[in-house]
Amino acid sequence: MAKIETPRPIRGTQDMLGDTADRFAHVVETFDRVRKLYGFRRIEVPVFESTAVFSRSLGESTDVVSKEMYSFDDRGGDSLTLRPEFTAGIARAYITEGWQQFAPLKVATHGPLFRYERPQKGRYRQFHQIDAEILGASEPLADAELLVFADHLLRELGVSEGVTLTLNTLGDAASRDAWRAALVAHFEGHRDGLSEDSIDRLARNPLRILDSKDPRDQAVVATAPDIDAYLTDEAQAFFGKVTDGLAAAGVAWTRNARLVRGLDYYRHTAFEFVTDRLGAQGTVLGGGRYDGLIENMGGPHTPAVGWAAGIERLAMLLDAPAPFAPTVIIALENDSLLSFGQKALAALRGAGISAEMIATGSPRKRYDKAVKVPAKVLVSITLADDKPVANLRSSEDVPEHAQVRAVLETLG
RNA sequence: GCGAUCGUAGCUCAGUUGGUUAGAGCGCCGGUUUGUGGUACCGGAGGUCGGGAGUUCAAGCCUCCUCGGUCGCCCCA
């Protein structure tokens with residue numbers, strides 16, 4: 001008989017248990033708690049959409065569209081795509097569900113995203129993000145609120161140490177176009193000082209030269225013009241109001257004049273919370289204002305701003321969470337008392353106390369096994385004078401001790 | 001797509017210049033010891049040494065190919 005071959009997991013997917021899963025859950029739970037403090041409503045959007053949702057959002061980034069997306073034809077012949085980002089789907093929903101009526105709309109969501117990439121530290125093909133967006137708000141107040149929320153979340157997670165908010169402005173459409181033209185002129189003028197990759201970028205995506213990692217590009221990048229000289233008065237004022245909002249809330253930031261977004265619908269605020277603790281993947285949380293997107297997708301002109309953060313990356317930055325364990329661990333040391341043990345379990349759980357029981361294997365070894373469970377209270381159940389006896393032992397003088405004793409005493 | 005590096009038990013790993021029947025710790029199962037009691041002892045199950053081909057009297061170890069993991073480049077919505 002041929003050996004049955006177990007199907008392998010797909011490259012870039014993860015199975016999580018124990019510490020990894022606990023960290024993941026902690027990020028999601030903390031996000032869900034903090035987002036309520038800021039009035040962001042939970043929304044759900046589909047994991048897959050018409051390919052057009054994302055290809056329209058990504059515009060002329062043909063490499064990304066053709067090589068990085070999980071696209072397939074369904075049985076009806078329609079091209080569908082597993083979502084590689086949240087924003088496009090939310091923008092689509094905003095238009096097709098008539099959510100304009102709720103503007104300004106503050107929403108939050110989290111879940112899996114899919115990108116066909118070579119996995120490496122903090123990068124997976126199925127990865128997960130938390131996401132927050134404000135749709136239909138043109139004021140810099142919205143940008144500031146979103147940034148304060150992000151900063152607050154990182155502090156709640158205890159990962160703000162070593163994480164820096166880097167901030168830039170891409171200006172309004174006029175500022176952005178003028179700056180872009182100046183950058184292209186600058187790089188064209190120093191073409192021979194650029195790496196091959198950057199010469200290639202010059203034709204494809206010139207703004208990207210600014211964050212080239214190639215040391216050969218550093219001299220030319222260092223002398224490249226900042227956007228500041230090209231900002232309109234309005235754009236300058238907008239950026240000022242965002243930073244005023246951060247100052248008022250006590251959020252620290254640093255200017256990164258080299259921080260850019262490749263897509264044209266990004267306007268004004270662009271930001272990333274970065275760290276050097278994640279290898280080559282420095283960005284922990286990133287976002288910006290995308291005033292042009294919804295219009296690009298066939299909707300009404302709708303200013304919007306948002307951010308997203310990788311759950312796996314945040315989870316890696318977390319301090320080790322407490323190991324998963326019940327409050328009570330029961331060692332059933334005599335098999336004739338199984339029913340008593342099950343009654344005790346039901347009573348404890350009914351009283352809102354998490355409890356587990358060890359009732360298999362050699363009875364004389366169950367106590368030793370129970371000791372190794374990091375529970376707050378250990379209960380051993382033995383037989384004495386033909387009656388069940390429950391003995392309690394607390395790892396410390398935990399407050400649950402008395403409560404557990406009270407519940408067990410009701411069993412008679 | 002490109003590069004570096006690693007694949008030995010369920011997990012973490014050892015394995016000498018190529019040389020008998022591939023080991024340890026943890027975990028699992030059974031037994032001994034103790035008996036308001038955690039760290040002890042004995043035993044057991046569990047391996048196509050990632051896979052294939054080659055060199056050799058002989059390959060976990062050397063060569064080539066291949067698959068997979070990790071990290072980096074490219075890309076980054």
Side-chain angles (χ1 to χ4, degrees), chain A residues 3 5-15 17-19 49 53-70 81-91 113-125 127 129 131 195-198 200-201 204-205 207-209 211-215 259-266 270 272 278-283 286-288 290 293 296-297 306-308 310 313 329 331 333-334 358 360-375 378-384 389-395:
Chain A
K3 189 175 190 293
E5 201 150 320
T6 307
R8 298 289 95 201
I10 303 302
R11 185 195 296 272
T13 62
Q14 311 172 80
D15 300 300
L17 174 70
D19 180 67
E49 298 267 3
V53 169
F54 304 111
S55 59
R56 197 151 310 158
S57 148
L58 292 165
E60 75 281 9
S61 308
T62 48
D63 261 25
V64 169
V65 171
S66 60
K67 293 180 184 162
E68 306 271 344
M69 296 203 311
Y70 273 97
T81 294
L82 300 180
R83 64 182 179 200
E85 57 158 330
F86 277 115
T87 308
I90 293 173
L113 303 171
F114 305 84
R115 297 180 186 177
Y116 192 87
E117 299 185 285
R118 215 35 208 276
Q120 51 183 295
K121 189 179 184 67
R123 278 182 93 157
Y124 307 92
R125 288 188 176 177
F127 61 106
Q129 285 187 342
D131 180 281
S195 65
E196 305 83 50
D197 277 339
S198 285
D200 203 38
R201 290 183 185 111
R204 271 186 5 258
N205 198 350
L207 298 197
R208 279 287 157 210
I209 298 175
D211 46 32
S212 165
K213 289 175 184 169
D214 196 313
L259 177 57
V260 293
R261 290 283 116 97
L263 300 168
D264 285 337
Y265 55 73
Y266 282 102
E272 290 180 1
L278 291 176
Q281 263 57 55
T283 302
Y290 50 95
L293 173 63
N296 268 11
M297 295 188 68
W307 56 251
R313 291 189 191 174
I329 185 71
E333 300 195 84
N334 187 316
I358 296 174
T360 59
S362 170
R364 48 186 1 176
K365 289 187 176 172
R366 291 180 197 165
Y367 186 88
D368 288 357
K369 276 197 208 166
V371 165
K372 290 179 184 165
V373 175
L378 191 164
V379 176
S380 100
I381 295 178
T382 53
L383 194 64
V389 179
N391 294 302
L392 270 68
R393 199 183 122 181
S394 298
S395 48

For A:Tyr266, report the nucleic acid contact type (base, sugar-phosphate, nothing); a contact means any heavy atom under 4.0 Å.
sugar-phosphate
Please evaluate residues A:Leu378 and A:Tyr367 with respect to the criterion side chain to side chain contact (heavy atoms under 4.5 Å, CB included), reporting the C-alpha separation (whole Å), side-chain torsions for both, the decisive distance (0.1 Å), and the verdict.
CA-CA 9 Å; A:Leu378 191 164; A:Tyr367 186 88; 3.7 Å; yes
- Task: Kindly say whether, by distance alone, the side chain of A:Arg123 makes a donor-acceptor pair under 3.5 Å with the base of B:rC75?
- Result: yes
Answer with base, sugar-phosphate or nothing: what part of the nucleic acid does A:Arg366 contact at a heavy-atom distance below 4.0 Å?
nothing
* Asked: Between B:rG30 and B:rA53, how far is it from one P atom to the other, in whole Å?
  -> 41 Å
So, does A:Gln120 get its side chain near the phosphate of B:rC71, meaning an N or O under 4.0 Å from OP1 or OP2? no
With a 4.0 Å cut-off on heavy atoms, is A:Arg204 in touch with a base, just the backbone sugar-phosphate, or nothing at all? sugar-phosphate
Distance between C1' atoms of B:rG31 and B:rG50 (Å, rounded): 37 Å
For this session: Rounded to whole angstrom, note down the P distance from B:rC6 over to B:rA45.
Result: 34 Å
How far does the P atom of B:rC64 sit from the matching atom of B:rG1, given to the nearest Å? 23 Å
B:rU21 and B:rG15: how far apart are their C1' atoms, nearest whole angstrom?
15 Å
Exercise for review: Return no unless some side-chain N or O of A:Arg11 is found under 4.0 Å from OP1 or OP2 of B:rG68.
Suggested key: yes
In short, A:Ile329 meets A:Ala370 closest at the heavy-atom pair CG2-O, 3.8 Å
Whole-Å distance, A:Gln281 CD to B:rC75 P, equals 13 Å
When rounded to whole Å, the NZ to P distance for the pair A:Lys213 and B:rG72 reads 8 Å
For nucleotides 28-38 of chain B, 5' to 3', base contacts (B), sugar-phosphate-only contacts (S) and non-contacts (-) with protein non-hydrogen atoms under 4.0 Å give -SBBS-BBBBB
